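The shown structure was predicted, so the numbers you read here are calculated from the model rather than taken from an experiment. Numbering starts at 1 and runs along the sequence shown.
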Amino acid sequence: YAQSTVTMQIQQLENELHANLFERNGKRIRLSAAGREFLKYAYQISKYETMALDHFHRTEEPEGTLNIGIMETICSSDYTNFFNNFLEKYPKISLHLEVVTTFKAMEDLDKGIFDLIFLLDEKILRPNWKTARTFPADISFFCASSHPLAGQEEVPLERLLQESFILTEKGCNYRNVFEKDLMDAGYVLKCIAEVGHTSYIIKAVARQLGIGLLPVFTLKDALEKGEIALIGVKDYRISLSIQVIYNTQRMLSLPLKVFLNELQHFYIPE
């Protein structure tokens with residue numbers, strides 16, 4: 001839509017409601033208190049529109065589009081096999097996968113931009129959100145296969161922290177957990193590089209540039225090739241879970257129902 005068309009329609013809606021739905025400050029714009037209140041009705045309007053379209057457009061084979069927010073870490077793993085399998089089985093359903101941060105995923109699920117999101121985090125509980133499926137995920141330290149710490153099981157945390165680290169960007173959930181634990185214990189972390197790209201971190205660690213911290217499921221290929229090795233830290237472990245979440249305020253479209261049903265039968269081989 002052209003910006004002028006959207007502006008005109010918003011003005012018409014505000015005139016009809018006798019309320020300003022947005023607060024405008026120059027080029028910046030955000031929902032007003034009335035806008036946040038009307039948003040609840042907008043979700044319901046969208047819900048019943050979807051119900052009507054599903055009813056009259058229903059065919060034997062599901063069709064439509066699903067918008068999914070997903071973390072880069074998950075998107076760089078075997079979990080993407082689920083999406084490929086799904087597309088093969090339901091060729092009339094289109095998947096729009098957008099790699100986003102946790103904050104962006106949660107924000108856009110609330111806004112109705114995403115139909116569902118894939119997060120890697122500690123357990124998330126919010127009103128009107130439902131977790132369709134969880135997958136446990138161990139987060140592990142790793143190094144180049146030729147590194148002195150490679151394959152060791154009981155490395156003291158103090159010894160590990162003598163090394164330099166290559167980590168995901170600040171704000172990443174498992175990095176947050178690690179840094180908080182270090183801060184509580186009074187330790188200092190030396191990070192020589194940070195990047196929000198899993199494959200870069202693995203390649204850099206394989207070249208002995210530093211120690212990495214990633215979910216074990218992202219390390220499978222590099223471990224099998226012998227490029228890297230896990231490091232077991234004494235009395236310290238990080239465990240999170242992949243969570244597939246959708247907003248119950250929105251109508252479950254037929255494509256989303258099919259997706260959630262298929263998700264229940266998906267598993268990752270050990």
Taking it one step at a time, do Leu119 and Met106 satisfy side chain to side chain contact (heavy atoms under 4.5 Å, CB included)? CA-CA 9 Å; Leu119 299 183; Met106 297 172 71; 3.8 Å; yes

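- One finds the CE atom of Met71 at 10.5 Å from the OG atom of Ser76 (value rounded to the nearest 0.5 Å).
- In this structure, the separation between CD1 on Ile124 and CD1 on Ile117 is 6.5 Å, given to the nearest 0.5 Å.
- Annotation: side chain of Leu213 is not in contact with side chain of Arg175 (no heavy-atom distance under 4.5 Å).
- For Ser94 and His96, the side-chain atoms include no donor-acceptor pair closer than 3.5 Å.
- At most 12 non-hydrogen atoms from other residues, nucleotides or ligands lie less than 6.0 angstrom from CE of Met183.
- Between Phe259 and Phe82, the ring planes lie perpendicular to each other; the angle is over 60°, past the 30° to 60° tilted range.
- Using modelled atom types and a 3.5 Å distance limit, the side chains of Thr7 and Gln3 yield no donor-acceptor pair.
- Taking the six-membered ring for Trp, Tyr79 and Phe135 have ring centres closer than 6.0 Å.
- Across every non-hydrogen atom of Ile231 and Leu160, the tightest pair is CD1-CD1, 4.1 Å.
- More than 12 heavy-atom neighbours from other residues, nucleotides or ligands sit within 6.0 angstrom of CZ on Arg24.
- A salt bridge links Asp108 with Lys104: at least one charged nitrogen is closer than 4.0 Å to a carboxylate oxygen.
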Residue pair Val195, Ile201: steps toward the side chain to side chain contact (heavy atoms under 4.5 Å, CB included) verdict: CA-CA 7 Å; Val195 59; Ile201 295 173; 3.6 Å; yes

Run the side chain to side chain contact (heavy atoms under 4.5 Å, CB included) test on Asp221 and Ile202 for me, step by step, so that the C-alpha distance in whole Å, both residues' side-chain angles and the decisive distance to 0.1 Å come before the verdict. CA-CA 10 Å; Asp221 289 344; Ile202 295 173; over 6 Å; no

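- If you take CG on Asp121 and OH on Tyr174, they are separated by 11.0 Å, rounding to the nearest 0.5 Å.
- Thr134 and Gln243 get closest at one heavy-atom pair: CG2-CG, 4.0 Å.
- With salt bridges taken as basic N to acidic carboxylate O contacts below 4.0 Å, none links Lys180 and Glu122.
- Relative orientation of the Phe141 and Tyr236 rings is tilted, given thresholds of 30° and 60° on the angle between their planes.
- Rounded to the nearest 0.5 angstrom, Ile242 CD1 and Thr131 OG1 are separated by 13.0 Å.
- Both Val6 and Leu39 belong to a single network of hydrophobic side chains, linked directly or stepwise wherever heavy atoms of I, L, V, M, F, W or Y lie under 4.5 Å apart.
- Environment of CZ in Arg159: crowded, with over 12 heavy atoms of neighbouring residues, nucleotides or ligands closer than 6.0 Å.
- Two residues are said to be in side-chain contact when any heavy atoms from C-beta on lie closer than 4.5 Å; Leu214 and Thr168 meet this criterion.
- Proximity of Val100 to Glu107: side-chain heavy atoms (C-beta onward) are nowhere separated by under 4.5 Å.
- Leu21 and Tyr41 end up in the same hydrophobic cluster when Ile, Leu, Val, Met, Phe, Trp and Tyr side chains are linked at under 4.5 Å.
- When hydrophobic clusters are built by joining Ile, Leu, Val, Met, Phe, Trp and Tyr residues whose side-chain heavy atoms come closer than 4.5 Å, directly or via intermediates, Leu256 is grouped together with Leu87.
- The side-chain heavy atoms of Arg250 and Asp115, taken from C-beta on, include a pair separated by under 4.5 Å.
- Closest heavy-atom contact between Gly212 and Val205: N-CG2, 3.7 Å.
- The side-chain heavy atoms of Thr73 and Phe217, taken from C-beta on, include a pair separated by under 4.5 Å.
- A distance of 10.5 Å separates CG in Asn176 from CG in Asp181, rounded to the nearest 0.5 Å.
- If you chain together hydrophobic residues whose side chains sit under 4.5 Å apart, Met8 and Phe38 never meet in one group.
- Residues Thr248 and Trp129 have side chains not in contact (no heavy-atom distance under 4.5 Å, counting atoms from C-beta outward).
- Scanning both residues, Leu260 and Ala132, for their nearest heavy atoms gives CD2-CB, 3.6 Å.
- Formation of a donor-acceptor pair under 3.5 Å by the Asn261 side chain with backbone atoms of Lys257 is not found in this model.
- The shortest side-chain heavy-atom distance between Leu167 and Leu189 falls under the 4.5 Å cut-off.
- In this structure, Val99 and Cys75 approach most closely via the heavy-atom pair CG2-SG, 4.1 Å.
- Between the side chain of Glu72 and the backbone N or O of Thr198 there is at least one donor-acceptor pair closer than 3.5 Å.
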Tell me, with the steps shown, if Leu223 and Ile228 meet side chain to side chain contact (heavy atoms under 4.5 Å, CB included). CA-CA 5 Å; Leu223 286 170; Ile228 60 171; 3.8 Å; yes

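- Two residues are said to be in side-chain contact when any heavy atoms from C-beta on lie closer than 4.5 Å; Ile192 and Ile166 meet this criterion.
- Cys143 and Ile211 make their closest contact through CB-CD1, 3.6 Å (heavy atoms, listed as atom of the first residue, atom of the second, distance).
- The backbone N or O of Phe86 sits nowhere less than 3.5 Å from a side-chain atom of Glu262 that would complete a donor-acceptor pair.
- Neither Tyr200 nor Val216 shares a network with the other; the hydrophobic side chains, linked directly or stepwise wherever heavy atoms of I, L, V, M, F, W or Y lie under 4.5 Å apart, form separate groups for each.
- Shown are Glu163, Gln208, Gln152; of these, the side chain to side chain donor-acceptor pair (under 3.5 Å) with His147 is made only by Glu163.
- In terms of modelled atom types and a separation under 3.5 Å, the side chain of Asn128 and the main chain of Asn247 share no donor-acceptor contact.
- At most 12 non-hydrogen atoms from other residues, nucleotides or ligands lie less than 6.0 angstrom from CD of Glu16.
- Atom OH in Tyr246 sits 10.0 Å away from atom CG in Leu116 (nearest 0.5 Å).
- Side-chain N or O atoms of Arg133 include one that pairs as donor or acceptor with a backbone N or O of Phe266 at under 3.5 Å.
- Remark: side-chain polar atoms of Thr80 are paired, donor with acceptor, to backbone N or O of Ser77 under 3.5 angstrom.
- The 12-atom threshold is exceeded at CD of Glu23, counting heavy atoms of other residues, nucleotides or ligands nearer than 6.0 Å.
- Checking Asn20 against Ser32 by side-chain atom types alone, no donor-acceptor pair falls below 3.5 Å.
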